[in-house]
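As the structure lists them, so they are numbered: ligands from 1, and atoms in each ligand from 1.
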Amino acid sequence: MNRRESLKLIGASAALAATGRLIMPTAAFAQAPADAPFKLPPLGYPYEALEPHIDAQTMMVHHDKHHAAYVAKCNEFAKEVPALATTPIEKTLGDPAFVPVQLQQQVKNNLGGHWNHSFFWELMKPGGAKEPGSALKSAIEGSWKDVNDFKERFNAAGEGRFGSGWAWLVVKDGKLTVINTPYQDSPHMDPNGAMPVIGIDVWEHAYYLKHQYQRGNYVDAWWNVVNWNKAAESFRKAAA
Ligand code: MN
């Protein structure tokens, strides 16, 4: 961290002390070098934009530290395995055979982490639509009783994932299904191919500052910030 960034952070702490709200400067994170193949995508909104459902400090640490660490690791691996830089991430996750066996697990962890988080930031939005658009809504109603029934199933998948992982709504075998995955495993790793439509990070780092151990409270709150337009776009791609 350089002096300017330190001063920005001190300023943010002062803002928190004065107002009780953490207003963070955007883009204070360490960006990968310009020639690095993997880059941390910027959040499309300020850290505090998803409050009160997800707090600014969680967003800052989650994006600028956790996600940045996955990106840095991916760039390290790309030095050893240059094909990582030119292969679409989804393809590598689905078939990492070109990666040396001793690196495969670490590549999956970090490349999966990079893909999952990039997807996750876009899947949230302040003040978005409150429910899925018509095509996705009809498809959900074809697989569950109604949208609330689906949400209950999805919440159970998130709350039921033991330890760290993700819950997903995916298109698999031509229909919508709820799954969960451990660690940073991605639907793209499914041998029969599963295409993610929505996904929630249920690692403790995604919620413990605000919701402590209460994962269920976080999952409930998360529905308030879902970007249903992004979900609709993923659904169109998955169903194509
Ligand atoms: Mn995470």
- Note on the structure: CG of Asp201 to CH2 of Trp222, rounded to nearest 0.5 Å, is 10.0 Å

- Shortest-distance N/O/S atom, His62 versus the Mn ion (ligand 1): NE2

- Donor-acceptor pair, side chain of Arg161 and main chain of Ala167, under 3.5 angstrom: no

- Closest to the Mn ion (ligand 1), which N/O/S atom of Asp201 is it? OD2

- Please assess Asp64 against Tyr47 for the test side chain to side chain donor-acceptor pair (under 3.5 Å), listing each intermediate value before the final yes or no. CA-CA 10 Å; Asp64 295 9; Tyr47 299 114; 2.5 Å; yes

- Any chance you could measure Met124, atom CE, to Phe119, atom CZ, to the nearest 0.5 Å? 11.0 Å

- Item | NE2 (His117) to the Mn ion (ligand 1) to NE2 (His205) angle, given to the nearest 10 degrees | 140°

